[in-house]
Trainee: 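Sharing a structure below in structure tokens format, with a few things to ask.
Note on naming: letters A, B, ... go to the chains in the order of the sequence lines (proteins, then strands), and numbering restarts at 1 for each one. Computed from a prediction, not measured in an experiment: that's the story for all the values here. Reckoned from all heavy atoms, side chains included, excluding hydrogens, waters and symmetry mates.
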Amino acid sequence: MVLPKGTNLLEYAKKNKLKDIIAAKVDGKLVDLNTTLEDDKEVEFVDINSEEGLEILRHSAAHIMAQAVEHVFGKAKFGVGPAIENGFYYDIDVGRTITEEDLKKIEKEMKKIVGANYKFERRELPKEETIKIFKEKGDEYKVEILNDIDEETVSLYQQGDFLDLCRGPHIPSTGYLKHFKLLNVAGAYFKGDEKRPMLQRIYGAAFSTKEALDKYLKFLEEVKKRDHRKLGKQLDLFSISDEVGPGLIIWHPKGAMLRYLIEEFERQEHLKKGYEFVKGPEILRTELWKRSGHYDHYRENMYFTEIDGQSFGIKPMNCLGHIQVYKSKKRSYKELPKRYFELGVVHRHEKSGVLHGLLRVREFTQDDAHIFCRPDQLNDEIIGVLDFVQDVMGIFNFDYELEISTRPENSIGSDEQWDLATNALINALENTGRKYDINEGDGAFYGPKIDVKLKDAIGRKWQCATIQCDFTLPERFNLTYIDEDGKEKQPVMVHRVILGSIERFIAILIENYEGNFPLWIAPVQARVIPVSIKHEDYAKKVYGELKDKGFRVELEDRNETLGKKIRFAEVDKVPYILIVGDKEVESNTVSVRKRKEGDLGCMNIDSLVEKLNQEVRSRR
RNA sequence: GCUGGCGUAGCUCAAUCGGUAGAGCAGCUGACUUGUAAUCAGCCGGUUGGGGGUUCAAGUCCCUUCGCCAGCUCCA
């Protein structure tokens, strides 16, 4: 709507009883609600429940928290304090570490500030003058942030006794912040640079309604419940041992079965899509890693070993092995593309602080493939991989987003090669009408990539598949094929994974399904439970028949009450619980109980087999 | 790697001011012979992550080292 010159938006909103309005857009630009129009302007009010409204609310919450910190500690220095998804944080230096106790105090003080309903007042000052203010305050971080700003004039916001550098806009007054909670505190480098001092980062959540805040806090609980490290232990899938070493996974029978099922699924899918199985060695001469550029650009992440006075590198990637397969003989244009697939075990020296269950480990298996093709085949090959990703994600019922990562600082190859590769990826996405974002400077050192971020059952995003286009390694290794015209040409290499790391993907599966794996990948599909020892022989017979039919079955032979045995099976998240007692022995049936759903009634073995097979085939 | 927190039985967790390491579950043995999420009893289980120190006395305090957790940086 167009509002006349001289209108104060806050007053206008109040007068017209506009509810839940916390800011406005004038000519499309976000401004404080407490703005008086200098001309007739197109105005759009920003609702507190909108994405922009929430961001403003959360950003203001960060300011209020900063004020509270200053009240509690007397003096504090500040880094940055932005809004983030679901909340906000502020980087703070109070001369000591902030404890959980402090958080309570700060939260209490925030409530006081909210109660006082201070106005957020915007001021514009010359940069130099502002620098002086923060120098006097002794806040060298803000001074440095100011020095980085190019503008002559900067804006400041004051609420009560607290003044902060800020672009704005903000909520009109502190009272608008009603539903928030401080969550945790941890160290964070100033400007994200590990060489700079570490500040204390306090995280908080803020929402427009109590319901939304409660829902989010519940979500955090839900995340904890689904934690794959916890479920991995409970379901006896894997362990990580202090004795063995950090970041190294020990797969127990059920976890190893899960791996096997996923790997077998992958092998079958790759065969269908025209890939060939290959396998390279675990260690290759260091000389080879020097030639590929890994030694110069990836050495920090590699392990080396010496044999008979010669240096070898343990592979952190599978490409060199696959290149050797390609190079093993002269190639014709007719045999391209070559698609080499390997469930390749790689080792990467990850920094100790980043290890995390199965999600970040030092040894993992990639569903890795390298496609060697002619330049004219590149587009189709990339599209083929994108379709592959689509098929697999569809089977697992995951939604996903695509991102292109461009040339990083630490990289090899010429600008021309990088442009060619990047354009090839963009073209493939454009040609198939896929949506994507661009992530500048985040590519691999040898080429740009398309990253696939899958979304799990509770809305979290995970990076799994990646497709990388590479003109550099073919050049470094002198890869060639004989073209139609009899001349040697250089093939293009596409590095790609679909699930990424089997370990990471299994972590995601565990959390996505909360351990309730669908029948086709459940390590144990059914457990036969005799009502009492009288029925053990019949239970064994049922168990044997299902086993013969290829099902993953267990026999419960512990001498416990039926209730307890059912409980064990439910706790173990076994999809089908088959109970046999007098009734079943008599009628040659089983009583079928489905995990989390309960009794489905009696069935003969044949119809049960049919039912299970159908469910396995559906992959749901 | 960095900042902070935390390491107690297979698992989940107790142990006041520095004063005899304890419970539930799991496991084992026995009794019971079970009809859709925990039957009862007994037993076993620990150099309190490792090493060093302070003290009459250390799970508890100090140092060191390893690991885990949260976040930062980095990443499949």
Side-chain angles (χ1 to χ4, degrees), chain A residues 79 89 91 93 96-100 183-203 227 229-230 233-234 236 239-247 298 300-301 316-317 344 346 348-362 364-368 405 442 444 449 451-452 462-466 468 495-505 507-508 529-536 558-572 577-584 591-602:
Chain A
Y89 69 76
D91 287 348
D93 178 358
R96 67 165 175 89
T97 57
I98 292 165
T99 63
E100 294 288 318
L183 296 175
N184 56 328
V185 57
Y189 299 111
F190 181 51
K191 288 184 171 177
D193 184 342
E194 56 187 325
K195 290 179 195 76
R196 305 299 306 268
M198 193 166 254
L199 308 178
Q200 306 279 306
R201 177 170 295 177
I202 303 178
Y203 286 89
D227 192 312
R229 293 166 296 187
K230 200 171 144 186
K233 205 180 272 180
Q234 270 172 27
D236 198 15
S239 60
I240 301 172
S241 153
D242 201 349
E243 280 179 291
V244 171
Y298 207 73
E300 300 300 303
N301 286 295
M317 299 181 191
V346 295
R348 297 185 184 176
H349 181 201
E350 301 291 344
K351 289 179 177 176
S352 61
V354 307
L355 300 174
H356 185 97
L358 297 178
L359 284 168
R360 199 73 186 274
V361 294
R362 287 190 171 148
F364 59 102
T365 304
Q366 292 183 305
D367 59 333
D368 203 3
S405 293
D442 214 28
K449 57 181 182 175
D451 283 330
V452 180
W462 307 92
Q463 143 106 65
C464 290
T466 165
Q468 306 171 350
H495 309 237
R496 45 105 290 180
V497 289
I498 304 293
L499 302 182
S501 133
I502 302 295
E503 285 74 5
R504 177 174 289 185
F505 193 72
I508 295 165
I529 300 180
V531 171
S532 85
I533 41 174
K534 283 191 305 201
H535 314 105
E536 256 181 24
R558 282 174 288 194
N559 189 7
E560 295 286 352
T561 57
L562 179 62
K564 184 120 175 216
K565 289 185 280 198
I566 288 171
R567 184 184 153 73
F568 281 142
E570 288 281 353
V571 168
D572 289 343
I577 301 162
L578 308 174
I579 295 150
V580 294
D582 286 341
K583 225 167 48 188
E584 289 76 15
S591 181
V592 180
R593 179 188 163 108
K594 193 159 186 195
R595 166 183 67 193
K596 292 179 87 172
E597 282 175 30
D599 199 351
L600 298 186
C602 271

Trainee: Using a distance-only criterion (donor-acceptor N/O pair, under 3.5 Å, no hydrogens), is the base of B:G71 paired with the side chain of A:Tyr189?
Mentor: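 No.
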
Trainee: Please give me the minimum heavy-atom distance between A:Cys464 and A:Leu499, naming the atom from each residue.
Mentor: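 Nearest pair, atom of A:Cys464 first, then A:Leu499: CB-O, 3.3 Å.
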
Trainee: Mind checking if A:Gln463 touches a base, just sugar-phosphate, or nothing, with heavy atoms under 4.0 Å?
Mentor: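 Sugar-phosphate contact only.
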
Trainee: According to the Watson-Crick and G-U wobble definitions, with both distances under 3.5 Å, which nucleotide is paired to B:C44?
Mentor: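 WC or wobble partner does not exist here.
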
Trainee: By the 4.0 Å heavy-atom rule, please label A:Val346 as base, sugar-phosphate, or nothing.
Mentor: nothing

Trainee: Taking only residues two or more places apart in sequence or in another chain, which ones pass side chain to side chain contact (heavy atoms under 4.5 Å, CB included) with A:Arg567?
Mentor: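 By the side chain to side chain contact (heavy atoms under 4.5 Å, CB included) rule, A:Arg567 matches A:Val571.
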
Trainee: If you look at every strand shown and take non-hydrogen atoms under 4.0 Å, does A:Asp582 touch a base, only sugar-phosphate, or nothing?
Mentor: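 Base contact - A:Asp582 has a heavy atom under 4.0 Å of at least one base atom.
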
Trainee: Provide the Watson-Crick or G-U wobble partner of B:C68, both distances under 3.5 Å; none if there is no partner.
Mentor: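 With both distances under 3.5 Å, B:C68 matches B:G5.
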
Trainee: Starting at CG of A:Asp91 and ending at P of B:U3, how long is that distance when rounded to a whole Å?
Mentor: 16 Å

Trainee: Just checking A:Gly581: base, sugar-phosphate only, or nothing, at a heavy-atom cut-off of under 4.0 Å?
Mentor: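 Counting heavy atoms under 4.0 Å across all strands, the contact made by A:Gly581 includes a base.
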
Trainee: Strictly under 3.5 Å: I want the nitrogen or oxygen pairs between protein and nucleotides 4-12 of chain B, one per line.
Mentor:
residue: B:U12; atom: OP1; partner: A:Lys233; partner atom: NZ; Å: 3.4

Trainee: Tell me the partner of B:C11, counting only Watson-Crick (N1-N3 plus N6-O4 or O6-N4) or G-U wobble (N1-O2 and O6-N3) with both under 3.5 Å; none if nothing fits.
Mentor: B:G24

Trainee: Return the polar atom pairs (N/O with N/O) between nucleotides 42-48 of chain B and the protein under 3.5 Å, or none.
Mentor:
none

Trainee: From the set B:A37, B:U3, B:U34, return the single nucleotide nearest to any side-chain atom of A:Arg593.
Mentor: B:A37

Trainee: Would you give the length of the straight line joining atom CD1 of A:Ile529 to atom NZ of A:Lys565, rounded to the nearest 0.5 angstrom?
Mentor: 7.0 Å

Trainee: For atom C1', what is the distance between B:G49 and B:U8, given to the nearest Å?
Mentor: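 Result for the C1' pair: 10 Å, nearest Å.
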
Trainee: Would you classify A:Arg229 as touching base, sugar-phosphate or nothing, given that sugar-phosphate means primed atoms plus P, OP1 and OP2, and contacts are heavy atoms under 4.0 Å?
Mentor: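 Since only primed, P, OP1 and OP2 atoms lie under 4.0 Å of A:Arg229, the category is sugar-phosphate.
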
Trainee: If you look at every strand shown and take non-hydrogen atoms under 4.0 Å, does A:Phe505 touch a base, only sugar-phosphate, or nothing?
Mentor: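 Since no nucleic acid heavy atom lies under 4.0 Å of A:Phe505, the category is nothing.
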
Trainee: Tell me, please, which residues at least two apart from A:Arg595 pass salt bridge (Lys or Arg N to Asp or Glu O under 4.0 Å).
Mentor: none

Trainee: Students often get this wrong, so: under 4.0 angstrom with heavy atoms, is A:Arg504 touching a base, only sugar-phosphate, or nothing?
Mentor: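 Touches a base.
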
Trainee: So A:Glu584, base contact, sugar-phosphate only, or nothing? Heavy-atom distance under 4.0 Å.
Mentor: base

Trainee: Say you pick atom C1' in B:C56 and the same atom in B:C61; how far apart are they, in whole Å?
Mentor: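 Each nucleotide's C1' atom is 16 Å from the other's.
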
Trainee: Round to a whole Å and report the spacing from NZ of A:Lys565 to C1' of B:A38.
Mentor: 13 Å

Trainee: Using the C1' atoms only, state how far B:A14 lies from B:U60, rounded to an integer number of Å.
Mentor: 14 Å

Trainee: Does A:Gly353 reach a base, just sugar-phosphate, or nothing at all? Heavy atoms under 4.0 Å.
Mentor: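 Base contact.
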
Trainee: Assign A:Lys230 to base, sugar-phosphate, or nothing according to its heavy-atom contacts below 4.0 angstrom with the strands shown.
Mentor: nothing

Trainee: Answer with base, sugar-phosphate or nothing: what part of the nucleic acid does A:Val497 contact at a heavy-atom distance below 4.0 Å?
Mentor: nothing

Trainee: Could you work out, with salt bridge (Lys or Arg N to Asp or Glu O under 4.0 Å) as the rule, every residue matching A:Asp442, not counting sequence neighbours?
Mentor: none

Trainee: Is A:Arg229 paired with A:Asp227 through a side-chain N to carboxylate O contact shorter than 4.0 Å?
Mentor: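 Salt bridge present between A:Asp227 and A:Arg229.
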
Trainee: Base, sugar-phosphate, or nothing for A:Lys351, non-hydrogen atoms under 4.0 angstrom?
Mentor: base

Trainee: For B:C72, does the base pair up with any side-chain atom of A:Arg201 as donor and acceptor (N or O, under 3.5 Å, distance only)?
Mentor: no

Trainee: Would you list the protein and nucleotides 27-31 of chain B atom pairs, both N or O, that sit under 3.5 Å from each other?
Mentor:
residue: B:G27; atom: OP1; partner: A:Arg558; partner atom: NH1; Å: 3.2

